[in-house]
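Okay, structure first, notes after.
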Amino acid sequence: MDGDRNTLMRQVIALAEENVRSGGGPFAALVVRNGTVIARGANRVTATNDPTAHAEVSAIREACRMLGTFQLTGCDIYTSCEPCPMCLGAIYWGRPAHVFYASTRDDAAAAGFDDSLIYRELDLAPERRKIPMTQVLRDEAARVFQAWKDTTSKTPY
């Protein structure tokens, strides 16, 4: 099994290197099920002017499209680097079985991709964050959640 993991991780690393050569960021990801690659993703943030176009998010979106579902049950994610907070959130929502990564967040920070601010901000109360967050119309917005709770045709996730 370790040989398969190493082979898949080498594919991720090669995809990340190729992405750098083509003008993208140094990150890539694969979604794999039963040893078969379902989807690939590479960082295209600057190429697409989309701050959410991270490798893991792109691979998750493609895998869900290919599988026709919003969950990655039975899938593994291989990524060239420990996921950032945004990608980590997407991974948890996608519910894969396992994540394998190569580089660490410290390696990414040393290359100029430092997410430490975001990790620190998550521990702060919303009103104390660098980008101030102010709650408005909570009571009115509660109707939306009540409507969700009352809906019998919903698909829970």
Side-chain angles (χ1 to χ4, degrees), residues 1 4-5 8-9 11-12 15-16 19 24-106 108-109 113-157:
M1 187 60 148
D4 294 340
R5 288 181 189 154
L8 289 163
M9 191 59 74
Q11 287 181 34
V12 171
L15 182 57
N19 198 53
F27 304 98
L30 302 175
V31 176
V32 177
R33 186 168 67 180
N34 299 324
T36 301
V37 176
I38 304 298
R40 291 170 175 77
N43 181 286
R44 305 299 294 162
V45 170
T46 58
T48 61
N49 293 321
D50 179 355
T52 70
H54 287 206
E56 296 92 335
V57 171
S58 298
I60 289 168
R61 287 176 179 159
E62 180 62 14
C64 288
R65 189 184 70 72
M66 295 294 293
L67 296 171
T69 181
F70 57 87
Q71 292 188 347
L72 299 174
T73 306
C75 294
D76 295 326
I77 296 177
Y78 286 78
T79 180
S80 60
C81 189
E82 181 181 358
C84 76
M86 177 183 68
C87 293
L88 191 59
I91 287 166
Y92 273 91
W93 280 112
R95 297 178 178 90
H98 201 115
V99 175
F100 300 94
Y101 64 93
S103 299
T104 67
R105 64 174 131 172
D106 293 329
F113 297 92
D114 190 355
D115 298 324
S116 61
L117 170 70
I118 299 169
Y119 286 106
R120 286 191 308 272
E121 291 283 297
L122 289 171
D123 287 334
L124 295 176
E127 65 276 4
R128 296 191 57 223
R129 294 178 179 156
K130 295 265 187 222
I131 299 174
M133 299 183 181
T134 304
Q135 188 174 35
V136 179
L137 298 178
R138 179 180 182 197
D139 292 340
E140 289 183 35
R143 294 193 304 257
V144 179
F145 287 118
Q146 190 59 51
W148 170 257
K149 289 195 236 179
D150 295 343
T151 299
T152 58
S153 62
K154 65 183 169 241
T155 302
Y157 61 97

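Fair warning: this is a prediction, and the values are worked out from it, not measured in the lab.
Closest approach of D76 to A97, counting heavy atoms only: OD1-CB, 3.7 Å. For Q71 against C64, the heavy-atom pair with the smallest separation is N-SG, 4.4 Å. Taking both residues in full, the closest heavy atoms of L124 and R128 are given as CD1-O, 3.7 Å, listed atom of the first, atom of the second, then distance. A pairwise comparison of heavy atoms in S80 and A102 identifies O-CB, 3.4 Å as the closest pair. The two residues S58 and A42 come nearest to each other via the heavy atoms OG-O, 4.1 Å. Nearest heavy atom pair, residue T104 against residue C81, reads O-SG, 3.5 Å.
Of the residues N19, D50, N49, the one that meets the side chain to side chain donor-acceptor pair (under 3.5 Å) test with R44 is N19.
Atom CG of L15 is separated from atom CG of L30 by 6.5 Å, given to the nearest 0.5 angstrom. To the nearest 0.5 Å, atoms CE (M86) and CG (D115) are separated by 9.0 Å. The line from CZ of R129 to CZ of R120 is 13.5 Å long, rounded to the nearest 0.5 Å. For the atom pair NE2 (H54) and OG1 (T52), the distance works out to 7.5 Å, reported to the nearest 0.5 Å. Atoms CD and CD1, on E62 and I38 in that order, are 10.5 Å from each other to the nearest 0.5 Å. The distance from atom CD of E121 to atom CD1 of I131, rounded to the nearest 0.5 Å, is 7.5 Å.
Side chains of C75 and L67 form a contact here, defined as non-hydrogen atoms less than 4.5 Å apart. Side-chain contact check for L72 versus I91: every heavy-atom pair is 4.5 Å or farther apart. The shortest distance between side-chain heavy atoms of V99 and L88 does not fall below 4.5 Å. The shortest distance between side-chain heavy atoms of F70 and W93 does not fall below 4.5 Å. Counting only heavy atoms from C-beta outward, the side chains of F27 and C84 never approach each other to under 4.5 Å.
More than 12 heavy atoms of other residues, nucleotides or ligands lie within 6.0 Å of OH in Y119, so this atom counts as buried by the packing criterion.
In this structure, F100 and Y78 have parallel ring planes: the angle between them is below the 30° cut-off, well short of the 60° mark.
Remark: T151 pairs with S153, K154 by the side chain to side chain contact (heavy atoms under 4.5 Å, CB included) rule, at least two apart or across chains.
Checking side-chain atoms of T79 against main-chain N and O of A29 turns up no donor-acceptor pair under 3.5 Å. No side-chain donor-acceptor contact under 3.5 Å links R65 to the backbone of A63.
Counted by atom type alone, S116 and D114 present one or more donor-acceptor pairs between their side chains at under 3.5 Å.
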